[in-house]
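We name chains A, B, ... by the order of the sequence lines, and we start the count at 1 in each one.
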Amino acid sequence: MSQTLLQVKDLKVAYGGIHAVKGINLEIKQGELVALIGANGAGKTTTLKTLIGMVKPSDGEIMFNGKSTAKLHAYDYVRHGLVLVPEGRGIFSRLTVEENLQMGAYVRDDKAEVAADLERVYGLFPRLKERYKQLAGTLSGGEQQMVAIGRAMMSRPKLLLLDEPSMGLAPIIVQKIFEIIRMIAAEGVTMLLVEQNAKLALQTANRGYVMESGHVTLADSAANLLANEAIQKAYLGE
Amino acid sequence: MDIFLQQIINGLVVGSIYALIALGYTMVYGIMQLINFAHGEIVMIGAMVTITCINLLIGAGINLPGPLLLLAGLLMAIPVSMLLGFAIERIAYRPLRRAPRLAPLITAIGVSIVLQQAAMLIWGRNYRPFPAILPTEVHDFFGAAITDLQVAIVVLALLLMGGLFFLIERTKLGRAMRATSQNPEVAGLMGVNINTIISMTFMIGSALGAMAGVMVAANYDQAHAYMGSLIGLKAFTAAVLGGIGNLAGAVVGGILLGLIESMCAGYLSSSYKDVFAFVVLIGVLVFRPSGLLGERVADRA
Ligand SMILES: Nc1ncnc2c1ncn2[C@@H]1O[C@H](COP(=O)(O)OP(=O)(O)O)[C@@H](O)[C@H]1O
Ligand SMILES: [Mg+2]
């Protein structure tokens with residue numbers, strides 16, 4: 001059915017002497033929701049940061065939409081449809097909710113459509129509409145995560161990278177955030193979802209990769225990973 | 001003569017000039033946590049270029065009304081200062097963006113000395129009188145004296161501040177500037193070119209500085225190559241007083257410092273008025289390092 005949107009070949013990333021990613025391969029097709037799971041320190045955040053140009057790889061190749069991203073500046077990625085919801089949310093705490101969302105549309109000139117997308121995001125997150133004038137730093141953790149996701153949606157991403165959207169949130173809010181992730185997926189947005197909450201991530205995703213100390217050790221359908229005994233033991237707490 | 005009212009007027013005039021310059025310090029600090037000590041020299045060069053330009057026009061026999069000559073001088077000085085601000089950031093600060101904090105600070109002091117010496121080579125060591133092109137008529141204002149120039153300075157400064165606040169609070173560029181100052185990395189993810197934002201910040205601050213420099217020169221009837229140090233240090237004091245990094249703080253701090261100074265000059269001693277500014281600086285740093293409107297900042301500065 002669908003074409004490859006992201007292709008990562010033999011990607012290596014090091015911070016000084018620390019090798020955080022040691023040669024991984026990933027492939028994401030248009031319309032997929034792919035989970036990337038693994039223990040703390042496995043290299044998941046580093047992988048996402050490299051995909052979005054915040055960290056430069058020491059080796060390997062990243063092809064997005066058939067083109068290498070090697071020459072892009074960090075601020076170019078969003079124009080090509082790649083956007084990250086960073087670990088810890090990275091909201092602009094002294095900007096209002098609406099200003100945060102508008103920052104997501106920073107590179108867009110189509111004012112009328114931006115306004116329509118703003119309404120769409122408020123449709124996904126009615127809580128944000130109620131608080132649109134409030135400083136984002138005064139929101140609860142769950143609401144801030146909504147701001148971060150809504151802001152990313154404002155750029156009309158082709159590939160949305162999510163880094164631990166459930167981190168630090170109460171279980172009921174986590175459910176809410178994952179509901180939203182499913183709704184966004186249903187709209188046809190391709191996603192790469194990094195999660196500590198492996199069970200929920202695999203229940204939501206089509207496919208998954210498992211990362212261990214810088215390597216991808218398993219790649220399979222989400223259903224197979226959920227049924228895998230080793231995975232159940234290591235990540236699903238069963 | 002009403003001394004109190006007179007000193008309020010004088011304080012407001014000087015204070016609004018301090019505020020304009022303090023905005024330049026605080027904008028740069030807000031976006032890159034750098035104290036741009038060369039900003040005072042930008043102010044000086046704005047004044048010097050304007051004076052030179054007016055003198056050249058007068059020398060060439062161009063007999064425009066005073067305010068138009070002044071405008072012509074400003075139209076020359078503003079772009080020169082903006083270009084200089086842009087170049088300073090590009091050449092001296094950008095290569096040190098990731099260096100330890102002390103490196104750009106020392107560089108800033110170095111740039112300031114270089115500019116001061118360059119100005120001395122160009123304009124000499126002596127005071128340059130401000131050309132006598134503006135009306136000097138003194139009006140009576142409830143027993144105090146006020147000139148058209150003083151009114152013009154305060155009005156123009158308020159307009160410029162209003163314009164800056166509109167830009168920062170209401171435009172897409174301003175929103176990107178605020179976002180960059182809060183979280184440059186994430187602003188980059190949103191497509192903001194941080195280098196462009198930083199350059200814009202330097203140029204806007206320098207334009208305000210140049211206009212403030214002309215106000216200083218017109219208000220005191222003179223300018224000289226060393227004027228940047230003192231006026232820069234006072235405006236920096238104003239920025240710290242208001243809370244460095246905070247735009248409203250720069251305005252409040254500037255006007256307050258102007259008023260404190262002129263009150264001290266009026267009631268205590270005018271020969272020590274410059275000292276009061278530094279007493280204020282030390283007092284703020286000791287008792288309230290975050291300034292009147294600022295957040296905690298002591299660890300950064
Ligand atoms: N900025 C950095 N400098 C040095 N080492 C880092 C940095 N960021 C991450 N690391 C190291 O890289 C490895 C992978 O980290 P990370 O990608 O954050 O893992 P994860 O997101 O899977 O928890 C860890 O060993 C971590 O300590
Ligand atoms: Mg991580």
Side-chain angles (χ1 to χ4, degrees), chain A residues 45 48-55 72-109 111 114 133 135-137 144 147-157 159-163, chain B residues 26-27 29-33 90 94-95 97-100 164-201 242-250 290-297 300:
Chain A
T45 295
L48 292 190
K49 281 188 168 178
T50 313
L51 292 180
I52 199 83
M54 289 165 86
V55 173
L72 296 184
H73 295 287
Y75 55 83
D76 286 331
Y77 284 75
V78 65
R79 285 182 182 80
H80 288 79
L82 260 162
V83 71
L84 169 70
V85 176
E87 193 172 50
R89 315 187 255 275
I91 57 153
F92 303 114
S93 50
R94 279 172 287 124
L95 261 53
T96 65
V97 168
E98 186 145 307
E99 286 175 330
N100 267 274
L101 297 177
Q102 285 165 335
M103 280 308 296
Y106 179 74
V107 297
R108 294 175 54 186
D109 295 321
K111 275 199 178 146
V114 169
K133 269 200 151 164
L135 292 187
Q144 291 190 7
V147 170
I149 296 175
R151 182 179 63 185
M153 292 300 291
M154 289 300 294
S155 70
R156 289 211 175 163
L159 175 59
L160 178 58
L161 309 173
L162 292 154
D163 198 351
Chain B
T26 231
M27 281 167 71
Y29 187 89
I31 238 153
M32 51 198 292
Q33 287 77 53
R90 204 58 242 277
R94 193 172 297 181
R97 192 90 50 86
R98 281 170 218 294
L164 181 71
F165 276 87
F166 181 83
L167 174 82
I168 300 285
E169 294 297 328
R170 291 278 177 271
T171 68
K172 190 170 174 177
L173 172 65
R175 199 192 301 138
M177 290 170 86
R178 284 181 289 139
T180 302
S181 83
Q182 291 173 37
N183 195 335
E185 217 170 30
V186 176
L189 287 178
M190 302 297 126
V192 177
N193 183 343
I194 289 146
N195 285 334
T196 309
I197 294 292
I198 290 177
S199 292
M200 295 295 278
T201 305
I244 193 149
N246 183 313
L247 293 183
S290 59
L292 296 175
L293 307 184
E295 296 142 56
R296 56 178 178 85
V297 88
R300 290 164 137 196

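Atom CE of B:M200 sits in a sparse spot, with 12 or fewer heavy atoms from other residues, nucleotides or ligands closer than 6.0 Å.
Between B:V186 and A:P86, the closest heavy-atom pair is CG2-CG, 4.2 Å. Across all non-hydrogen atoms, the minimal contact from B:L189 to A:V83 is O-CG2, 4.4 Å. Across A:R94 and B:Q182, no two heavy atoms sit closer than the pair N-OE1, 2.8 Å. The shortest heavy-atom contact between B:A176 and A:Y106 is CB-CE1, 3.5 Å. The minimum heavy-atom distance linking B:N183 with A:F92 is given by the pair O-CE2, 3.6 Å.
Atoms CG and CD, on A:L84 and B:E185 in that order, are 9.5 Å from each other to the nearest 0.5 Å. Taking CZ from B:R175 and CG from A:L95, the interatomic distance works out to 8.0 Å, rounded to the nearest 0.5 Å. Taken to the nearest 0.5 Å, the CD atom of A:Q102 stands 13.5 Å off from the CE atom of B:M190.
Heavy atoms of A:A105 lying under 4.5 Å from chain B belong exclusively to its backbone. Using a 4.5 Å cut-off between heavy atoms, A:R108 contacts chain B through its backbone alone, with no side-chain atom that close.
Among A:M103, A:H73, A:M54, A:R79, the residue making the largest number of heavy-atom pairs under 4.5 Å with chain B is A:M103.
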